[in-house]
Each structure stands twice: as structure tokens, then as C-alpha cells.
Amino acid sequence: MGATSHKILQKIVKNEAMATDPSEIYGWRVYLLACSACFGAMSFGWDSSVIGGVIVLPPFVADYGLGTSNSIAAANLASNIVSTLQAGCFLGALVASPLTDRYGRKWCLIGVSLIILIGVIMQSASSGNLGLMYAGRFIAGVGVGAASTINPTYVSENSPRAIRGLLTGLYQLFIVTGGMIAFWINYSASLHFQGKMQYIFPLAIQALPALLLCACMLLCTESPRWLARKDRWEETKRVLCRIRNLPPTHPYIQEEFQEIVDQLEFERNLIGDATFWKLQKEMWTIAGNRKRALISIFLMICQQMTGTNAINTYAPTIFKNLGLTGTTTSLFSTGIYGIVKVVSCICFLLFMADSLGRRRSLLWTSIAQGLAMFYIGLYVRISPPIPGQDVPPAGYFALVCIFLFAAFFQFGWGPTCWIYASEIPTARLRSMNVSYAAATQWLFNFVVAQAVPRMLVTVGANGYGTYLIFGSFCFSMFFFVWFFIPETKGMSLEAMDALFGVTDAPTKPLTALDDGFAGNERRSPSPSQSNKSPQEKTQHSEIAAA
């Protein structure tokens with residue numbers, strides 16, 4: 001399979017690493033591993049889409065006392081139900097870093113799947129009990145937030161460098177796939193169920209991706225880079241050989257293994273043992289590490305300020321505001337919206353993430369998203385839909401802009417932010433960097449989820465100002481990317497230090513490595529350099545231009 005996969009990838013992925021790396025490393029194991037971990041991402045997308053459709057169903061509105069849909073009190077209650085999950089996600093993202101560093105990526109992902117299951121059971125059993133609904137969504141959020149930290153870290157640490165963008169970007173693909181499935185489950189439940197089952201079934205079926213995450217991760221290996229940090233060198237090399245589908249004597253395995261060795265040696269010489277406060281010092285006092293942390297955090301702020309999760313969560317409400325009448329019609333349109341996101345994300349991961357690159361994708365989609373949002377806002381302001389009348393042509397184009405916005409987001413700001421956050425940090429700061437980035441994402445997701453229902457009611461007639469605000473943020477992101485974000489496609493994880501200006505060489509050996517694995521291999525003078533693609537060797541100077 002590796003040779004066939006390599007031939008296909010060579011036609012669609014254009015970077016130096018793809019041309020030089022052996023075909024065996026593109027076997028089925030690396031894809032299975034990435035997809036298994038990404039069921040944690042599916043839980044988030046599934047939940048966001050389910051709750052957005054459920055809160056507009058008449059039985060749910062009646063049982064939970066939401067009242068009339070256009071009142072500020074109802075908007076406040078709906079936003080509280082939705083955003084409780086994000087509050088749990090924020091906590092989960094922060095606590096995940098020390099846990100995954102101590103217990104490993106694999107077993108922490110299995111643990112968070114069980115936490116999500118508990119939260120889902122509580123939500124589906126609440127049946128009008130608002131307190132139980134809040135508690136269930138918060139507990140599920142802790143699991144989803146923890147998965148958002150561990151998942152990209154685990155995938156990036158296992159991925160071949162040539163397709164790391166594609167595999168890490170699967171996180172976003174599974175988010176939108178879960179959302180699409182949930183949209184259609186909401187639509188089907190509204191047609192085929194009556195009474196409480198209209199919302200109980202969609203809430204209960206959220207357990208499916210968590211079950212798949214638990215089952216699939218039991219079949220996967222631990223991250224080789226985490227094993228190396230624990231000085232489990234024999235396991236490190238064995239796992240590396242397994243996921244790369246190469247023998248331990250192959251030059252590619254020896255070079256990648258040596259890069260891990262050299263990187264870990266350098267980090268330990270730089271600061272010392274990886275205690276919490278030493279890691280904090282390493283992250284914030286070393287300029288290259290500080291820049292990477294700030295880039296990850298600001299990328300996640302920008303991702304949420306595009307307004308994407310506002311549309312994801314409140315899509316049925318927004319479609320009604322644009323003139324579509326009836327709960328079933330708005331749910332159907334939301335289902336189409338989900339399909340557009342999935343197809344767009346697949347196209348990005350296959351043809352753009354590792355070919356066009358991360359930076360260019362962010363630049364052009366910033367402008368495209370802003371234009372789509374501005375048209376919607378101006379339409380709602382100048383020619384708002386009139387209840388009882390047909391949607392005018394300008395209104396249908398506004399609906400098209402919603403779908404275009406979804407596509408543009410998947411071509412850039414959706415998957416690319418997660419790719420950057422998981423690939424640019426140095427090895428032992430990776431989980432902490434992703435944790436801070438994910439926590440930031442959830443914090444601003446929470447803010448947006450709280451604000452949007454109120455904005456749609458209070459910011460101008462029909463909430464037109466909501467779209468103009470998000471569109472303005474999109475335009476401003478272009479300048480942030482232009483001045484501060486470097487390109488990283490096709491580069492190994494260990495090459496990121498040089499790209500961000502951390503270039504000092506290791507000064508002493510790790511003696512445990514001399515006989516820590518079978519065969520007693522010895523280190524060559526500088527093998528890590530031979531595993532770098534030509535693009536890596538030239539891109540190290542680009543940080544000054546960025």
C-alpha cells in the first residue's frame with residue numbers, strides 16, 4: 001500500500017520531502033493512527049452542531065423553558081446551554097498538558113473518551129432538567145477540550161513530515177464531518193420523531209464518536225517522541241519502525257531517530273529537567289519559543305473571530321434570519337452547509353496544505369471570508385427579508401455567501417491553525433503549546449457562543465452588525481499573517497527551532513543513548529542534517545523576513 005499511496009501523494013502533494021522520502025512510510029498504519037485519534041475532534045463538531053439544531057426544536061424549547069425565540073431572555077438561556085460546553089473545554093485543554101506529558105498521548109485519549117461518554121449520558125437523560133443539562137455539557141466539554149490538546153500533538157508526533165499538514169489537518173476534517181452528520185441527524189429527528197425523542201435521540205447519539213475514539217486508540221501505539229522523553233529508547237525505535245514500516249537499519253529510521261535524540265539532548269542542555277516552572281521559563285524567556293507560543297495563541301483568537309463557530313452553532317437561527325421559514329427548512333439548509341464544509345476541507349488537505357502551504361492559505365482566505373461576511377451584513381441592513389414573502393435574489397446570494405464562507409474557512413483558518421500550533425513548538429513544549437492554543441480557542445469560542453445570540457437581537461436591525469464585525473476581523477487577519485507567520489510546509493518537527501532562531505548546537509551527549517536500544521548503534525557526527533529536505537535548509541533564514 002505504501003508504494004501506491006506514495007505515487008498518489010506525489011501527484012497532489014508538492015514539496016521537497018515528498019520527492020526524497022521513502023515510499024514505505026506512507027503505509028496504512030499512519031493513516032489509521034491519525035484517523036483513530038481524530039474521533040476526539042469529531043466529538044466537538046458533533047456536539048456543536050447537535051446543540052445548535054436541538055435548541056430550536058419545539059419540544060426542547062417547551063421542556064427547557066426557552067420561551068419566544070426573539071426575546072433577549074431566551075437568547076441568554078440558549079447561549080448559556082450552548083456555551084457551557086466551551087467552559088468545560090477551556091478547563092480540559094489546560095489540564096490535558098501535564099496529564100499527557102506524564103501518562104502519554106494514547107492513554108489520555110482513551111481517558112477523555114470515557115469522560116465525554118459520561119457527559120453525553122447526563123445530557124440525554126436530563127429531559128427538561130436544566131441543571132443536569134449544564135452539568136452534562138460541562139463534563140463532556142472537559143473531555144472534548146482535553147482531546148483538542150492531545151489529538152493534534154499525537155498526530156503531528158507520528159506523521160511523516162511531507163504529509164504532516166494533511167494528517168494533522170484531519171483534526172479539522174473530523175470536526176466538520178461530525179458536524180455534518182449531526183446536522184442531518186437533527187433534520188431526520190425533526191421529521192421522524194415526536195415529543196421528547198426529537199431532542200433526546202440527537203443528544204444520545206453524540207456518544208458514537210467517543211466510543212470509536214476509545215476502541216480505536218486501544219489498537220494504536222504510543223507517540224515515539226513521548227517515549228523518547230521518558231528515556232524508553234528501545235520502545236521509541238520499535239514504534240518508529242512500526243509506523244514508518246521500515247527496518248531499524250534503514251537510513252531513514254536512523255536519521256529520524258537521531259533527530260529526536262539530538263533535539264531532546266539540546267532541550268535538556270538548554271534548561272534541564274522538564275519541571276513545570278522550568279518549562280514555563282523555557283517557553284517565555286527564550287525568544288524563539290515565546291514567538292511560537294504567541295503565534296499559536298493569536299492564530300486561535302483569529303480563528304474564532306472569523307465568526308465560524310457562531311455560524312456552526314447558530315446556523316438554523318441565522319438561516320431563519322436570512323429569510324428561510326420553518327424549522328425543518330432551516331435544518332435542511334444547515335445540513336447542506338455541513339456538506340460544503342466537509343468537501344472543502346478534503347480539497348484543502350489533499351491539494352493545498354502541503355503544496356500551496358499554510359501561509360498562503362491563511363492570506364487569501366482572510367480576504368475571501370471578509371467579503372462574504374460583509375455582503376451578508378449589508379444585505380441584512382439594506383434589504384432585510386420580510387416575513388411571509390419570498391426570499392429575493394439578493395437574499396439567495398446572501399445564503400450562498402454563508403456556504404462560500406464555510407468553504408473559505410476550510411481552505412485556511414479551520415485546519416491551518418491546528419497544524420501550526422502542533423508542529424512549530426519544540427518537542428517538550430509541544431503539549432503545553434497546544435494546550436495554551438486550544439484553551440485560547442475554547443475561551444474565545446465561549447465568548448462568541450455567549451455573544452452571538454445577543455448580537456443577532458441587539459446589534460442593528462436583524463443583527464446585521466454581527467456580520468460586519470466578523471468581516472472586519474477577517475480583513476485584519478491578513479496583515480497579522482503577512483507580517484508574523486512563516487511557511488512550514490515539508491519541514492521536519494526538529495527543524496522548527498532553526499526556523500524560529502533557536503540554533504545553538506547540543507554541548508554534551510546523552511549517555512543513555514549509547515547502549516539504550518538493541519544493536520548498540522553509535523551516533524554519527526551530524527546525521528540530523530542529512531534528513532532535512534532542501535526546503536528546510538533554505539527556510540531557516542525566512543523567520544527574519546516573516
Side-chain angles (χ1 to χ4, degrees), residues 1-2 4-6 8-9 12-13 24-47 49 100 104-113 116-117 143-144 146-182 205-226 239-240 242-245 338-339 341-351 353-354 410 414-416 418-419 421-423 434 438:
M1 178 180 174
T4 303
S5 173
H6 189 221
I8 296 173
L9 288 170
I12 58 178
V13 176
E24 291 86 350
I25 68 175
Y26 302 105
W28 60 270
R29 287 191 181 93
V30 69
Y31 303 107
L32 177 62
L33 178 148
C35 290
S36 298
C38 285
F39 282 116
M42 184 175 283
S43 289
F44 165 53
W46 198 299
D47 179 276
S49 301
T100 190
R105 315 331 188 186
K106 171 181 175 176
W107 291 105
C108 282
L109 280 172
I110 293 172
V112 301
S113 69
I116 295 171
L117 285 172
V144 171
S148 71
T149 293
I150 306 166
N151 182 338
T153 302
Y154 179 74
V155 175
S156 68
E157 289 182 345
N158 283 277
S159 301
R161 59 186 178 176
I163 57 169
R164 190 175 60 249
L166 187 156
L167 295 181
T168 308
L170 287 176
Y171 181 86
Q172 181 68 20
L173 177 60
F174 272 66
I175 289 177
V176 297
T177 301
M180 179 192 68
I181 295 171
I205 203 67
Q206 292 178 100
L208 181 59
L211 288 170
L212 290 171
L213 174 64
C214 183
C216 292
M217 285 307 302
L218 289 171
L219 305 175
C220 293
T221 57
E222 184 54 85
S223 161
R225 286 169 170 83
W226 181 83
V239 168
L240 203 59
R242 179 175 175 81
I243 61 177
R244 296 292 182 259
N245 197 31
I339 292 175
K341 291 198 298 179
V342 170
V343 173
S344 302
C345 191
I346 292 173
C347 292
F348 170 79
L349 295 178
L350 288 178
F351 302 108
D354 292 303
Q410 301 309 322
T416 304
W418 293 106
I419 294 171
S422 61
E423 72 180 2
V434 177

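Residues Y31 and L170 form no side-chain contact, since every pair of their non-hydrogen atoms from C-beta on lies 4.5 Å or further apart. In this structure the side chain of P415 never reaches within 4.5 angstrom of the side chain of L173, judged on heavy atoms.
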Dump the intermediate steps for side-chain contact (heavy atoms from CB on, under 4.5 Å) on C216 and F39, then the final yes or no.
CA-CA 9 Å; C216 292; F39 282 116; 3.9 Å; yes

Passes side-chain contact (heavy atoms from CB on, under 4.5 Å), Y154 versus S422? Steps please.
CA-CA 9 Å; Y154 179 74; S422 61; over 6 Å; no

Show the numbers, then the answer: is there a side-chain contact (heavy atoms from CB on, under 4.5 Å) between T221 and I243?
CA-CA 8 Å; T221 57; I243 61 177; 3.8 Å; yes

Start with the C-alpha gap between E157 and S223, add the side-chain angles, then the distance that decides, and say whether side chain to side chain donor-acceptor pair (under 3.5 Å) holds.
CA-CA 6 Å; E157 289 182 345; S223 161; 2.6 Å; yes

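With rounding to the nearest 0.5 Å, the separation of CG in L32 from CG in L219 is 7.5 Å. From W418, atom CH2 reaches atom CD of E423 across 14.0 Å, with rounding to the nearest 0.5 Å. M180 CE to I175 CD1: the interatomic distance, rounded to the nearest 0.5 Å, is 14.0 Å.
In this view, L218 and W107, I110 satisfy the side-chain contact (heavy atoms from CB on, under 4.5 Å) rule, not counting sequence neighbours. The side-chain contact (heavy atoms from CB on, under 4.5 Å) search around T100 returns R105, C108, I150, S431, not counting sequence neighbours. With sequence neighbours excluded, the residues that form a side-chain contact (heavy atoms from CB on, under 4.5 Å) with V30 are P160, L167.
Closest approach of S36 to L213, counting heavy atoms only: O-CD1, 3.4 Å. Minimum heavy-atom separation, C38 to Y171: SG-N, 3.6 Å. Between V434 and T153 the shortest heavy-atom distance is CG2-OG1, 3.4 Å. Here the closest heavy-atom approach between residue K341 and residue Q410 is recorded as O-CG, 3.3 Å. Residue R244 comes nearest to N158 through the heavy atom pair NH1-O, 2.7 Å, listed as atom of the first residue, atom of the second, then distance. For the residue pair F174 and A41, the shortest heavy atom distance occurs at CB-CB, 4.1 Å.
In terms of modelled atom types and a separation under 3.5 Å, the side chain of K106 and the main chain of C220 share a donor-acceptor contact. A donor-acceptor pair is defined here as one N or O able to donate and one able to accept, closer than 3.5 Å; no such pair exists between the side chain of N151 and the backbone of A147. Panel note: side chain E24, backbone N245; no donor-acceptor pair is recorded below 3.5 Å.
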